[in-house]
Undergrad: 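The structure under discussion is supplied below as structure tokens; questions concerning it will follow.
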Amino acid sequence: MNLEENFQQKVDDEIKIEPKDWMPEKYRQTLIRQISQHAHSEIVGMLPEGNWITRAPSLRRKAILIAKVQDEAGHGLYLYSAAETLGISRDEMYDQLHTGKAKYSSIFNYPTLTWADIGAIGWLVDGAAILNQIPLCRTSFGPYARAMVRVCKEESFHQRQGFELLLTLSQGTEAQKKMCQDAINRWWWPSLMMFGPNDDASPHTAQSMKWKIKRFTNDELRQKFIDMIAEQVKVLNMTLPDDELKWNEERKHYDFGKINWEEFWQVVGGNGPCNKQRLDARKNAWADGEWVREAATAYAEKKLAKQTTNAA
Amino acid sequence: MDQLINYTLFLADNALIMGHRNSEWCGHGPILEQDIAISNIALDLIGQARNFYQYAATLIGNNATEDSLAYLRDVKEYKNCLLVEQPNADWAQTVLKQFFFSTFQYYLYQQLQNNNDEQLKAIAAKALKEVTYHVRWSSEWVIRLGDGTEESKKRIVKAVDELWMFTGELFEPASYELNTNIDFIFLKENWNKRIRSIFAEATIDVPAETSWHQSGGKIGNHSEHLGFILAEMQFLQRAYPNSEW
Ligand SMILES: [Fe+2]
Ligand SMILES: [Fe+2]
């Protein structure tokens, strides 16, 4: 067996690939792209929700929201560390984000307009993220799989909290119910797009499935999500903004309407409502923090020098 | 009774406004690990505020809740000291404000162990562990910035210049603080000692103690900043009254 066959054998046998193991360069590159994109999504994803921390309507909600956004920062941290084992530094990844070379999930380019958006994000966006991420707990690359196990535990917590927030609104005043329905209307279609293009428009899927980086196709996961949410929305006494949504007894799945892929590609291409604000916020945080990072480095070096002199 | 209520609100308001300010950093910190650290401190402080408000609410009765106290009182009723409502500005001002405040909280919560009120004692005892960490975290940053680069030194010195005038108020008892068994001289001496030792390590000067101090926050005479904080924080409760969230 040559190196490549040996590698594929391990993948087929469900033996995890570790950073020091031989791997095809394309596998490494695919993982770097996917894991860093995932990490960036966690970090950029802090912004639309962070937006509402200072306006949260109760102290309990404020604490929950801070903890949630902080969890997302933690997810970013695990994922950057996982990507670093593949030979790329966190600073390089940041640079790719800031220059637009690396992408992040398009969903975060939509604005959070009302408090109900915080619930809708938890329920729909974290909900979609979980379905994408649960199979990743078994992905072939060890550090990525292990990072995802920790992430998934917290994500399911986020989804429950988001749902509970909406449930409270759905049982509240008329204004709150309206706010709730409006948020669902705005977040529904973008959350379906989180699973990526249709399978016939997703050229990398076959290779990623063979390498067991991916375990289900985009369309399979999207269908699973729709089936789940179409049931949960009934508990809220709300509706999903799709006239064609209907249970199909034959398929044992919900049928649904056409996704606006033109919008999806526009947002991916940088033309979403908040692309510029989100990226600017990240770039500003990085630029404004430069003197802080320099000071920390300078101080650490001074301290080390002192220790060395003392030891000598 | 009024004294105890006001004192409890004073403790709660300090923790809430400081925590609220810290939470403004969430997602915008200079280093991802520090973004997490400062959000953690925000969470600790909001947790402390909730404990104090809940206790105040039981003392007040009349259907008061932690949220009615946080969200339905106006500027003049808030009792936090001026220091905590000051803007974050840059990282230097943020960590210095934290250092001044946490050091004050640390000795105050220690002193609260002599208080006759069992509830206040218990809340403070529990919070003391958190505050110990806040003091350590903020001290380390003050030292790092003071003894880091020329730029960071310039910024931390400027922060001292901006914030020092708000530290005197911490040790000027309001009427509701008079029967709390707090030894203000002990408090001030210990605070000063800690500030001096950390500033020495950070190679920055401590301003003259006799310099002019601002005060008024403890009795509701705030800086203009608090109005904006409350406008933002209380928006939903004010716009949609009598709703469950
Ligand atoms: Fe996450
Ligand atoms: Fe999440």
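Note on naming: letters A, B, ... go to the chains in the order of the sequence lines (proteins, then strands), and numbering restarts at 1 for each one.
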Undergrad: Walk me through it: do A/Glu92 and A/Ser89 pass the test side chain to side chain donor-acceptor pair (under 3.5 Å)?
TA: CA-CA 5 Å; A/Glu92 281 175 88; A/Ser89 71; 3.2 Å; yes
Undergrad: Return the option, out of A/Gly76, A/Ala56, A/Ala287, with the maximum number of heavy-atom pairs under 4.5 Å with chain B.
TA: A/Ala56
Undergrad: Measuring heavy-atom distances to chain B, does A/Leu169 have an atom under 4.5 Å in its side chain, in its backbone, in both, or in neither?
TA: side chain
Undergrad: Counting only heavy atoms closer than 4.5 Å, note whether A/Leu59 contacts chain B via side chain, backbone, both or neither.
TA: both
Undergrad: Are a donor atom and an acceptor atom from the side chains of B/Tyr55 and B/Asp117 found within less than 3.5 Å of each other?
TA: yes
Undergrad: Contact part of B/Leu16 toward chain A, heavy-atom cut-off under 4.5 Å: side chain, backbone, both or neither?
TA: side chain
Undergrad: Does any backbone or side-chain atom of B/Gln237 lie under 4.5 Å from a heavy atom of chain A? Answer side chain, backbone, both or neither.
TA: side chain
Undergrad: Given that the side chain runs from C-beta out, which part of A/Thr173 has a heavy atom under 4.5 Å from chain B: side chain, backbone, both or neither?
TA: side chain
Undergrad: Test B/Gln98 against B/Trp141 for side chain to side chain contact (heavy atoms under 4.5 Å, CB included), laying out the working first.
TA: CA-CA 10 Å; B/Gln98 191 72 53; B/Trp141 269 109; over 6 Å; no
Undergrad: Taking every heavy-atom pair that is under 4.5 Å apart, which of A/Ala63, A/Gly50, A/Ala281 has the most such pairs with chain B?
TA: A/Ala63
Undergrad: Count the heavy-atom pairs under 4.5 Å between each of A/Ala67, A/Gly45, A/Gly74 and chain B, then report the option with the highest count.
TA: A/Ala67
Undergrad: Quick check on the interface: out of A/Thr168, A/Thr54, A/Val292, who has the most heavy-atom pairs with chain B under 4.5 Å?
TA: A/Thr54
Undergrad: Is there any residue in residues 31-44 of chain B with a non-hydrogen atom under 4.5 Å from a non-hydrogen atom of chain A, and which ones are they?
TA: B/Ile31, B/Leu32, B/Glu33, B/Asp35, B/Ile36, B/Ser39, B/Asn40, B/Ala42, B/Leu43
Undergrad: Establish, yes or no, whether the cationic atom of B/Arg73 lies under 6.0 Å from the six-membered ring centre of B/Tyr78 and within 45° of the ring axis.
TA: yes
Undergrad: Out of A/Lys302, A/Arg293, A/Met46, A/Glu294, which one racks up the most heavy-atom pairs below 4.5 Å with chain B?
TA: A/Lys302
Undergrad: Is the NZ or CZ atom of A/Arg150 both under 6.0 Å from the centre of the six-membered ring of A/Tyr78 and within 45° of that ring's axis?
TA: yes
Undergrad: Using the benzene-type ring in the case of Trp, are the ring centres of A/Tyr80 and A/His40 under 6.0 Å apart?
TA: yes
Undergrad: Heavy-atom distances under 4.5 Å only: say whether A/Lys303 touches chain B with side chain, backbone, both or neither.
TA: neither
Undergrad: Minimum heavy-atom separation for A/Glu84 and A/Arg90, please, with both atom names.
TA: OE2-N, 3.1 Å
Undergrad: Measure distances from B/Ala92 to the heavy atoms of chain A and classify the residue's part below 4.5 Å as side chain, backbone, both or neither.
TA: both
Undergrad: Tell me, for A/Leu165 versus chain B, whether the close heavy atoms (under 4.5 Å) come from the side chain, the backbone, both or neither.
TA: neither
Undergrad: Is chain A contacted by the side chain of B/Arg21, its backbone, both, or neither, given a heavy-atom distance below 4.5 Å?
TA: neither
Undergrad: Could you tell me which of A/Arg61, A/Glu290, A/Arg60 has the largest number of non-hydrogen atom pairs under 4.5 Å with chain B?
TA: A/Arg60
